[in-house]
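To start, the structure under review is shown below, and the notes come after it.
These numbers come from the heavy atoms of this one structure, side chains and all, not from hydrogens, waters or symmetry mates.
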Number of protein chains: 2
Amino acid sequence: MASGISLKELAAELKLAPSTVSRALNDSYEISEQTKKKVLSMAEKLNYHPNPFARSLRENKSKAIAVIIPERINTFFAQVIDGIEEITQEHGYHLLVYCTHEDVEKEKKIVNLLLNGRADAIVMSVSSQTSDISHLHKLYERGFPILFFDRICSEIPTTKFITNDYQVTLEATRHLIQQGCKRPAFLMLSEDISITKERHRGFLAALKEAGISHNPEFSKVCCQNEETNIEILKNLLIQENRPDGILASVEKLALACYQAVKKTDLKIPTDLKIISFSNMGIAGLLNPSLTTISQPAFSMGEECARILIKKLTKTNQPALANEVVVIPSKITIRASTMVE
Amino acid sequence: MASGISLKELAAELKLAPSTVSRALNDSYEISEQTKKKVLSMAEKLNYHPNPFARSLRENKSKAIAVIIPERINTFFAQVIDGIEEITQEHGYHLLVYCTHEDVEKEKKIVNLLLNGRADAIVMSVSSQTSDISHLHKLYERGFPILFFDRICSEIPTTKFITNDYQVTLEATRHLIQQGCKRPAFLMLSEDISITKERHRGFLAALKEAGISHNPEFSKVCCQNEETNIEILKNLLIQENRPDGILASVEKLALACYQAVKKTDLKIPTDLKIISFSNMGIAGLLNPSLTTISQPAFSMGEECARILIKKLTKTNQPALANEVVVIPSKITIRASTMVE
DNA sequence: AGAAAATACGCAAACGTTTTCGAAATAATA
DNA sequence: TATTATTTCGAAAACGTTTGCGTATTTTCT
């Protein structure tokens, strides 16, 4: 219905064989310039558009890349996708975007759906619930190109993009300590995922370095529910020996923390300093403005896409290298960690 | 490579004809329960996944829906897509997501790419630059299902989802006036697009109602560049007879306004009250917290999807009705419009 | 028991491409 | 001029489904 004329009809109109027309449109050397021109102009005139599915069926390529993210309402992931699209679009690739909402079961369903070849590759950031990775292993075993970013899956030998999680968290925690924090806390969504581990490691290293003994209660695992998190954090903050600094390993938890603080008598940064991983453009407009660790999300997306495109377009390309590409984050100091 | 066994091979394994296997998998009445079970279990065992392109080619359906938005880093659009995905996923549809970055030329390219049938329908919000709508007309003429939301294109007779732009802006402006604003200003990205016109109309109506004569200079058209907008707004705010209230028709401009105010001696809300269309979850955390007009984005996406699914799955469905569905917005009053 | 109807399955075409192979027609070479 | 290359194109198969039609087998009815 929506699709117009077919190659055969175009060929009939030109009194040529479909094979000739196909070759002409694909600029084959076997076709004379003269007929190429004829074909091109007639194709233009009749508004011919090749059927992508016939082509996909024949070529066994979809010209589509699947992107799987844990949440859509998040500046970081949106920027990464913008970066991916920037590069892939130039090469005629389409983006299938899926959101897991941090749900492993949903992630599995999506991955299984993609097993049929609807996409040529997957770029993903795993859900915070993902500990069983059998679905990802299945992909890998079939030789399906996967590429991870941010929330990577270390067990799958492929290319991964992360930021310098350990190092930048170390520096961020040092900053907290430098600003006078004696009892910093670390907020995370899950203990299992890779970046959490690295960031936590950096956090603990800074404490050790400063000779601060860490209260395990201050390494807080939060959940998906905003309200619950606010409650958890409020309870954390109203206890006797409460934390005086917060390092949120994900943006969502820093915001929950702001909300929790509003329910107490505490003041940021006087009573509590906060620093968080976040790519929000408006961190500077928060009350008080939020000190952030921001990843170069857009270029991370671009880099992912470049590697993928190379793998997909060049022939006889080896499997994606088992390497971790580190792109450093940037700490932007704002009011939430100031000494008053 | 990635795709596994084919229907033919599965049939050979079962010593059945491909047609029988196909019918068994599609639960046809022509096949006995016994063989159906055999086929199902063998398909499971051999990990058979039907090739989506062969199916698409045969059925002339892609099982994909294209979503085109002007920007990804925007809570509203992200929520709408979440809503769309929620419904479409249940019905086995995939989402192709494209971002125009408010660029008409990009919008045209994307639309033209979709002319080949890669998607069964388009759900879109037009770019703020879109005044020439020939590319959209072409889609409509071919009978391609299009559905607009928020930034609709009135000239195309199809289903559109918007909020009560006129009414809610009228009320929002009344609120500004009630809070003491004598010289409110209206901020927009473009004069051409539908929602801007409606919102501006509501704004002007409220002024007229209150007997306030409007300075045309206070209906400010901004651009895409953040820095430029901040400059424009700063200049607007430092002049002698500056506005004392702002209604931003899009979130982006409210944020630019906050940035601009930081470069002046003005204080919100004392010297300047601000209300804005926005779906940011953290409007309450801004400094000061921002009074917002928020659209029910998620359910708007869901509604879009429901109508689309109905059109796509039921046979002999008429074209999408030429109607405008209005889903009311909600005003949440916060500190930025308070009287001190 | 014989005819009619219902059940269960196979054959082959079709969807719109690309590509292998082969075959004319023209050009170059001996 | 006869032979060989080169250029330019066509016929047909293939990708993996679905489906119209035909047919063999079984069931039902008179």
Side-chain angles (χ1 to χ4, degrees), chain A residues 1-40 42-43 46-64 92 115-120 313 315, chain B residues 1-40 42-43 46-64 92 115-120 313 315:
Chain A
M1 170 204 291
S3 70
I5 198 176
S6 81
L7 184 75
K8 279 185 191 171
E9 302 175 271
L10 178 58
E13 197 71 30
L14 285 158
K15 297 192 193 309
L16 285 172
S19 52
T20 306
V21 177
S22 172
R23 275 186 271 250
L25 291 173
N26 291 332
D27 201 32
S28 160
Y29 71 99
E30 297 185 278
I31 305 299
S32 70
E33 288 304 320
Q34 197 182 351
T35 50
K36 271 185 194 173
K37 275 184 189 169
K38 267 192 220 167
V39 171
L40 262 306
M42 183 61 86
L46 298 186
N47 226 298
Y48 169 74
H49 292 271
N51 182 309
F53 303 117
R55 185 175 277 172
S56 287
L57 179 59
R58 174 63 214 231
E59 310 254 271
N60 203 23
K61 286 179 190 170
S62 67
K63 276 281 183 178
L115 234 40
N116 59 13
R118 188 175 277 272
D120 292 336
T313 55
T315 52
Chain B
M1 167 205 290
S3 69
I5 198 176
S6 81
L7 184 76
K8 278 185 193 173
E9 302 175 271
L10 177 58
E13 197 70 31
L14 285 157
K15 298 191 193 310
L16 285 173
S19 52
T20 305
V21 177
S22 171
R23 274 185 268 252
L25 291 172
N26 292 332
D27 200 31
S28 161
Y29 71 99
E30 296 185 280
I31 305 298
S32 70
E33 288 305 319
Q34 197 183 352
T35 51
K36 271 185 193 172
K37 275 184 188 167
K38 267 194 221 166
V39 172
L40 261 309
M42 183 60 86
L46 299 186
N47 226 299
Y48 168 74
H49 291 272
N51 182 310
F53 303 117
R55 186 175 276 173
S56 287
L57 178 59
R58 174 65 214 229
E59 311 254 88
N60 203 23
K61 285 179 191 171
S62 68
K63 276 279 182 178
L115 234 40
N116 59 13
R118 187 176 276 272
D120 292 336
T313 55
T315 51

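Taking the side chain as every heavy atom from C-beta outward, A/Leu7 and A/Leu25 approach each other to under 4.5 Å. Taking the side chain as every heavy atom from C-beta outward, B/Arg55 and B/Lys63 never approach each other to under 4.5 Å. A/Lys36 has its side chain within reach of A/Glu33: a pair of non-hydrogen atoms, C-beta onward, lies under 4.5 Å apart. Side-chain contact between A/Asn47 and A/Ile5: absent, with no pair of heavy atoms (C-beta onward) separated by less than 4.5 Å.
How far CD of B/Glu59 is from CG of B/Asp120: 10.5 Å, rounded to the nearest 0.5 Å.
Consecutive Watson-Crick or G-U pairing (both distances under 3.5 Å) extending over three or more pairs maps onto DNA chain D as C:1-30 with D:1-30.
Spacing between atom CZ of B/Arg58 and atom C1' of D/dG20 amounts to 9 Å, rounded to whole angstrom units. In this structure, CG of A/Leu25 is placed 13 Å from P of C/dT19, rounded to the nearest angstrom. Taking atom CG on A/Leu7 and atom C1' on D/dC15, their separation rounds to 15 Å, with Å as the unit. Between the P atom of C/dT17 and the CG atom of B/Asn60 lies a distance of 11 Å, rounded to the nearest Å. Here C/dA13 presents its C1' atom at 12 Å from NZ of B/Lys8, a figure rounded to the nearest Å. B/Leu14 places its CG atom 10 Å from the P atom of C/dG10, with the value rounded to the nearest Å. Spacing between atom CD of B/Glu9 and atom P of D/dC15 amounts to 9 Å, rounded to whole angstrom units. A straight line from CG of B/Asn51 to C1' of D/dT18 spans 13 Å, rounded to a whole angstrom.
When all heavy atoms are compared, the tightest approach of A/Ala54 to B/Leu57 is CB-CD1, 3.8 Å. Closest of all the heavy-atom pairs between B/Ser62 and B/Gly117 is CB-O, 3.8 Å. Between B/Ala11 and B/Ala17, the shortest heavy-atom distance links the atoms CB-C, 3.9 Å.
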I'd like a table of atom pairs between the protein and nucleotides 6-9 of chain C - only N or O on both sides, under 3.5 Å - with the distance next to each one.
{"from": "C/dC9", "atom 1": "OP2", "to": "B/Ser32", "atom 2": "N", "distance (Å)": "3.0"}
{"from": "C/dC9", "atom 1": "OP2", "to": "B/Ser32", "atom 2": "OG", "distance (Å)": "3.3"}
{"from": "C/dC9", "atom 1": "OP2", "to": "B/Thr35", "atom 2": "OG1", "distance (Å)": "3.0"}
{"from": "C/dC9", "atom 1": "N4", "to": "B/Glu30", "atom 2": "OE2", "distance (Å)": "3.1"}

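Residue-level contact check: A/Ser6 touches the backbone only, with heavy atoms under 4.0 Å from sugar-phosphate atoms and none from bases.
Counting only residues at least two apart or in different chains, side-chain hydrogen bond (donor to acceptor under 3.5 Å, both in side chains) contacts with residues 8-21 of chain A comprise A/Ser6-A/Glu9.
Proximity of A/Arg55 to the phosphate of C/dG16: no side-chain N or O atom is located under 4.0 Å from OP1 or OP2. Between B/Asn26 and D/dT18, a side-chain N or O to OP1/OP2 separation shorter than 4.0 Å is present.
Side-chain atoms of A/Leu57 lie closest to D/dC15 of the nucleotides D/dT17, D/dT18, D/dC15.
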